[in-house]
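In what follows, a single structure is set out as structure tokens and then discussed.
Naming: A, B, ... by sequence-line order, numbering from 1 per chain. Reckoned from all heavy atoms, side chains included, excluding hydrogens, waters and symmetry mates.
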Amino acid sequence: GCGGSSDKKDSSAKTEDTKKEAKSDGTFTFALNYMPNSLQPSAQSSDDLVSAIRPIYEPLFAETKDGLEYYLADKLDISEDGLTYTLHINDKATWSDGEPVTVKDIKFTIDYGVLVYGGPTSFTKVNGGEVQINEIDDKTMEFVLPSVYDNYVRTLSQFYPMPAHAFDNDPSKIDDSTYFKTPGMATSGAYVVSEINEDSFVYTARDDYYRGTPSVKKVVIKTIGSGSTKQIEFENGGIDYMRVTSAEDLKKYKEESDKYNMYSISEARLNYLQLNPHGPVMSTLSQDARKAIFLALDKDAIVDFAWGSDELAEPANSLITPDQSIYNKNCKGYNFNLEEAKKLAKSSGLEGKELTYIYNSDRANMESVATVVQQQLAEIGVTVNIESCDTSTFFPRFFASKDKELATTWDLGTNGWDSQRGSNCGQAISYFTNRLCDCGYSDEVSGLAQKAIGTADAKEKQELWNTIQDKALEECWEYPLTYTNFVMVSQKNVTGLDGSSVVPEFIDYLSIHMD
Amino acid sequence: MPSQKKILEVKNLKKYFPTTQKQQLKAVDNVSFDIYEGETLGIVGESGCGKTTCGKTCLGMYPVTDGEVLFHGKNIHSMSKKERFAFTKRVQMIFQDPYASLDPHQKVYDIIAEGIQIHGMAKNKTEEKKMVAELLEMVGLNAEHAARNVHEFSGGQRQRIGIARALSVNPEFLFCDEPISALDVSIQAQIINLLMKLQKEKNLTMLFIAHDLSIVKHISDRIGVMYLGKMVELTESSKLYVEPKHPYTRALLSAVPIADPEASAQKERIMLKGDVPSPVNPPVGCRFAGRCENCMEICRKEEPQMIEIVPGHYVACHLYDEIPGSKGQKADASLLARVQST
Amino acid sequence: MPLLIQELNGEVHPVGNNIVITNDSFAKLEKKKTVEVSVERQSVWKDIWKELRKNKVAMVSVVLLAILIIAVLLAPLSPYDPYKLDASQKLQGISSSHWFGTDEYGRDYFTRTLYGGRVSLLVGFMSMIMTVVIGTSLGVFSGYVGGKVDMFLMSFTDIFLALPSMLLMVILNTFLKPGLPTLIVVLSLFSWASVARITRAETMSLKERDFVVATQNLGASNFRVIVKHIIPNILGPVIVAASLSVANAILMESSLSFLGLGVQIPRASWGSMLQGAQAHILDYPLLAVYPGVMILITVLSFNLLGDILRNALEPKIVE
Amino acid sequence: MWKYCLKKTAQVVIVMILISFFSFAIVYFAPGDISDMYVNPEMTEEQKANVIAQLGLDKSMTEQYFAWAKRAVHGDLGVSLSNKSAVWPQFMQRLPATIILMGSSMILSLLLAIPLGLWSGYKKNSWLDNLISSLAYMGMSIPSFWFGMLLIIVFAAVLKVLPSSGMHTVGNVSAFDTFQHMILPCITLSIGHVAVYIRYIRANTIGQLSEEYVLTAEAKGDSQTKILFRHVLKNTLLPIITLMGMNLASLVCGSFIVESVFGWPGIGTFAMSAIGSRDYPVIMAYVMLSGFLLVVGNFIADLLYAFVDPRIKRGGASGGK
Amino acid sequence: MNNLLEMKHVAVNFAAYGGTVQAVRDISFSIEEGQTVALVGESGCGKSITAKTIMGLVKKPGKVMEGSQIIFEGTDIAKYSSKEWKKFRGKECSMIFQDALVSLNPTMKIGKQIMESLDNHAVTTSKEEKKKKVIDMLKLTGIADAEKCLEKYPHELSGGMRQRIMIAIALISHPKLLIADEPTTSLDVTIQAQILAEMKALQKKLKMAILLITHDLGIVADVADKIIVMYAGKIVEEGTVREIFYHPVHPYTKALLNSVPRLDRDGKEMLCTIEGNIPDMTNPPKGCAFCERCPRAMNICAQYMPEEKTVSSSHRASCWMMDERAAKGGVAHA
Ligand SMILES: Nc1ncnc2c1ncn2[C@@H]1O[C@H](COP(=O)(O)OP(=O)(O)OP(=O)(O)O)[C@@H](O)[C@H]1O
Ligand SMILES: Nc1ncnc2c1ncn2[C@@H]1O[C@H](COP(=O)(O)OP(=O)(O)OP(=O)(O)O)[C@@H](O)[C@H]1O
Ligand SMILES: [Mg+2]
Ligand SMILES: [Mg+2]
């Protein structure tokens, strides 16, 4: 268990004198790979930073399967015409320094985004038109869209307000200040930052938190470099939970269920293999080449090798994930057919070619996928040269627009799509129609998607979506690989880690308990 | 027998080496002498006095700082590449260290044949082989030795190989830089004999350097004595021993041990004081002044010039400065008396 | 012991200390000229071999390396495909069919280790060759020419020596297109400097040595001097440097691979195998042990060889 | 002596300029357009041009270099791309951790190597010498990251006696705790150096013991201990100073790897993540900083050596051999 | 006079790669009090090893063989323990070496290096007294500003000065025997003459015996009372200076004397040479070691080692030529 918790009490007592009466004083510890340089919530570029920010900053709300899960906001109304979004902020929501969370903070954060981006952002510009943002009162504000844009809900959900009062409402002051690097910054979440060390953060619970008082009084986040050290640390009780990404570990921790708790949450994520129609080799080949590749892939084997257990990932059949209500379980997809693949490879001229494959080496299991795909394509006479990229090189290449030189440097690549949960299909549409690289979605599919939004009848809508899913698979350059689960293992005394289903970090600190 | 034809003329030769402190190490400072065809000129002097530097500069291995060296009347330091190449065929050198002067990774044959190859002296391989064999024979080695590696040979044998290499291009002038000082006493005589024999046979002109006066005297026709970059005395070898003029020469001669207890016991010793000064910052005036028993005031101020006190006998010492009206000899006689009385 | 001679009667007199005096004992000794038949050329390589044979440790290293190199060359004889995945054989322990067990893709680890060795040794040897060629040519040139050129080149070399090479390798490797050639180039780029220093120093001292002066004095061209005299004489130190440089390159490569900057999948070097094994270090530590031990053995052998050669060759060079 | 200092200083400055140019060139010639990191597709051409001009990216390479160098001299190493804050303070914050690690590794190396090397050389070819030498060879040949991994497995995973990562337990600021955290990385970082030092000291000791002056000392009637400690020790250890200066480079590189293996919060891990995220200003700063560290370290070692060795001190620079 | 030192059947071997080098092979000689004995011979004949044996300084891989006796003032020092050796060295017997630069510790001040010798054989005196002693000694060896010299390092001094320092170190404790191993080889002739003269003067003053090792017969003629000629690890001839120089017996001694040109003689005639080289000491010839190079070698020379014969009470030599039957064998005896 968390043996160190009792003796840690004294040293941090100074910073939390308001918390002395709290009885349950467990310290919840977890690890990051890299130390974030700042805790500024809008800088959330890595999974690590998201995890570090989760206990201290909150979004307005989140989309789930069953509707919206409210945090700082407690109400979002969308007008009949779908143009006006009225947002109401929780009356009790305050910053940790006592100031209430107001619309000023929202506006401030949006302004900061515009400032940093050097131009209109998705908040302020929709479908090419400007969004009008009106402050109704301290706690209410209004977003008036120029045209209907279903996805604006998602836009608003991915948003951590920052304390405007700390910067005199001037967003340009943020970049130069050390505010988000200094303990005591105003937070909107359940915790305040009490220590920032070279390789760790210490957070302490707030007692004026609007959603209640967390039972875990202290959260410690430390950085542990390599994967195996993290595991050692976990097994030694140094950290309270970690993510499990290999079947062997899963099996091992399962067997020791007297020592550990397991949690598994669907990630609402699609891992897919992208063929690049602009790739150096792919661009020279016919559509059959694409088909040959898709038929040559054995999804089950990929899952088996790369994840090793269907508890970690299941083979995907559609480009939409099961966490979305429009998902079609019966979408056929491609079935492994080596003979056919070989035939097509030969006829399309694919055979004997060398393809360049890129993947993000910072993501778990991607290297294994690459290894397996390479071997499977070898069967149809295709040589795959794999280039491992770190996050910062991967995305510019993977999402390079077609006119960029980078777009022509690769033929194959794997990536994941965070699909979010719920009935909202806006994200799916943007996914199908708005891709940065032109990946073969025909106008027909895009049109169908547009039509699907406009359809009110649930059954008809679903049918349209079923068609889209089939058609998309038929013509597009993406091959759905897996739907993954976020599997965590925690020490036995830690419960309630699965209190939230907010993507991508699932923990709700209010529901964690430590005995 | 030495003729009167000058083969090498050295005129006011200066060779300074730059040192780190912007100062110059005056290794050879204003030295002049001639070498006549067929003679052996010996140069003696203490370690570091510039003997090797002088010799090497005369062979064009170092550029001169000042002065000139004429070989058959031609300045060797302003030769074209082609002339220089031809010059290397006429002038050769024998080194002090028989170990360092032979490439350890070559065979005796390769070493000796190198000069023949460079100058294309052999028409074909067989002729080359024959020439190498002859050379080996000449220096007292066997033709069979050609196929061996140098490290199988002793010091004396190595020195013979070195001599064979030098002779391979049929030079007329040979510069021997202490060719025997690295050898054992019992071997030294072999090399001396060999050199003397070869000189006679091939009518070689030699510049022979050593710090062992007895050996220099044995082999040379004339001897030059150097002290701290300067030539202090130059005369025929027989004369030098009988009537040394320069105080340094006298001290040197008296200091040379003689392998005969009786002669040794009778010998008068002139003990010098102090050490040789550094060539980096040589004293003004006469360089020997600090150690000289006959040091006069002028010695510390003015540098003595080489003067010919008797025909063929040159000395650089203020003791022999010409007194106006009389020839140097007189001054010499009177001063000598004073010297001997002290 | 002083020898005693007692004269006895007769022609042959065996004496106390076995001295036998015959009639012609006191006749002049006929000395025959002893001419030994020629000895074959003593190349550096022969020298080296002779020295190595004397040294037990060196022999062990040579044998180990020989075994390793042969094994690695014979890797294709293995019944297993080093790349073929086999789901049924994932993470098997040691058995008679899998000597080192299998990895998480069911590939025979022994075969993988052999193929990994190919890459590691290839990288080691190739970058050694580049290092030595660049270093030696620069060093010899700089040392032979001397003067301003030498000063300039050596400052340049000094900078390369002062740079945190590992770090720059990491940076360059991330920026350049990854792959074996990049790796080899980057490795040699940062290791030629020490070879250049050594060869320069050797050349400088050789240049002043009498045998070189003698050759120059015979009218030899600079080219001839360098090729015939300088190069053969610095071969010893260069071979030593080469041996140490292989060791260094393998070690560096493994570090880079460990940081994920090595060869591309599915190829593996020992370093990248170690990186792969990291994920299983708690459950299957053996996966990390084999390649690690291989690196250790190889590097150790090359280091030992280099040092033994240095000791063996150095006095000769000085002589 | 002063001249020597001056000359060395000039050398340092030149090398630093070259290193700075080198680190600048790395980034300048790195594939991909740096300006891509600053502009985004939604910007208008004008805005893009503005940004580029602001960053000075439209200027020639030399101009850019001088602008950058000028700022660098004033301690302004630019702003990190990934977190938009100044690079210099971030380095300064992490530098102590690295210095502590490097420093203690250096001390540990010397503490181990001096007695072992001396003993090993003194008792040449004894079984103890053979043992020490073999270990030294192992130390030299073992990949340090692998050794670190093994240490972690043994001491953290199996024996559970030492922490595997980080610099201290959160909330525990005691020196002992830091010490505990330091043991494994310090050993890992030291292993190669100890080996090099041992072999060097051993060879030196053997060399010095065979010097003629040792014979003189013996002929005076000096005891073995006196010879070893009064005569040989100083002559043996003097060159170590230079060696230490030279080894700084590998220490910096070693700490780079060791920090990432042990999650040590120094500049190594910082640089590693900067390399991962192509954070050019940080990378440049790191190359500069480590280059500076090396050059200055070497400089100090040279001066120190010149100062403690009477042959150089009194003889001037010319006697430096 | 008394024998100060007596060497009896001393043999020293070196274990080397190629086999065992028999550096010193069964030599016996003695040194009387106050006497100057010169040990001459070619390079590698074992002179230095002999000297080191007397000082107990033969190091691995060298080994003084069983049966060697070194009797110094009546005690066999060959059997000394390392502690006794320490007391012996420097106090009873001192040694100076050929190259003074490498024989002095480069990083220790001259004064300290000389002082050490006094410290080791502490006749409890105060520091000042010791210093005074050192300065006196330095002055004795002919160093003018001795005080200044104490604070210097070896590299700051000239070759002659260094050699004087070496002499001072050796003599500071007034040893009874001084071993000088080629003390002037690295010096110039004029300096050599100074050093030799100073050594002679000191010897008279301190009444010590000197074992002088050299290969320069000229020096020997000047300094020595008695000469020992070594060849290939053996003593081939031993006698007083006059005996050796004027009545040499052994062909090697004769050749050695004749191979050096003499300054006081004129003429350019060929020198007397000794052809060939010294034998390989790992595998010394079973007969006379000089046999190979000897112009008068006889059959027996190649087979048996000659026994030592006396010419006079002080003159001994080992050569088969001395056997009375040699003349009969055919070759005339000189
Ligand atoms: N290449 C060089 N660079 C700098 N100084 C040199 C060089 N060669 C010789 N010297 C110096 O010049 C002086 C004369 O040297 P040189 O070798 O000519 O003396 P030498 O009379 O031959 O001495 P030795 O008898 O020791 O051979 C010495 O002080 C030496 O240190
Ligand atoms: N450490 C050693 N290992 C092997 N052989 C040695 C060693 N030291 C000396 N010898 C051998 O002992 C023999 C005698 O050496 P020694 O030094 O006594 O000669 P030396 O007469 O003093 O010669 P030199 O005049 O050159 O000083 C030599 O043949 C030498 O090879
Ligand atoms: Mg010379
Ligand atoms: Mg000797």
d(N236(A) CG, L162(D) CG) to nearest 0.5 Å is 10.5 Å
State the NZ-CE distance between K222(A) and M167(D), to the nearest 0.5 angstrom. 14.5 Å
Check whether more than 12 heavy atoms from other residues, nucleotides or ligands sit under 6.0 Å from atom CZ of F179(D), and answer yes or no. no
Which atom names give the shortest non-hydrogen contact between E235(A) and K160(D), and what distance separates them? O-NZ, 4.4 Å
Step through the shown structure and confirm whether more than 12 heavy atoms of other residues, nucleotides or ligands are within 6.0 Å of CZ on F167(A). yes
State, to 0.1 Å, how close T229(A) and S164(D) come at their nearest heavy-atom pair, and which atoms those are. CG2-OG, 3.4 Å
Are there more than 12 heavy atoms of other residues, nucleotides or ligands under 6.0 Å from atom CD of E256(A)? yes
Within the supplied structure, the quantity of interest is the number of heavy atoms (other residues, nucleotides, ligands) at a distance under 6.0 Å from F155(D) CZ; does it exceed 12? no
Which heavy atom of D199(A) sits nearest a heavy atom of P265(D), and at what distance? CB-CB, 3.6 Å
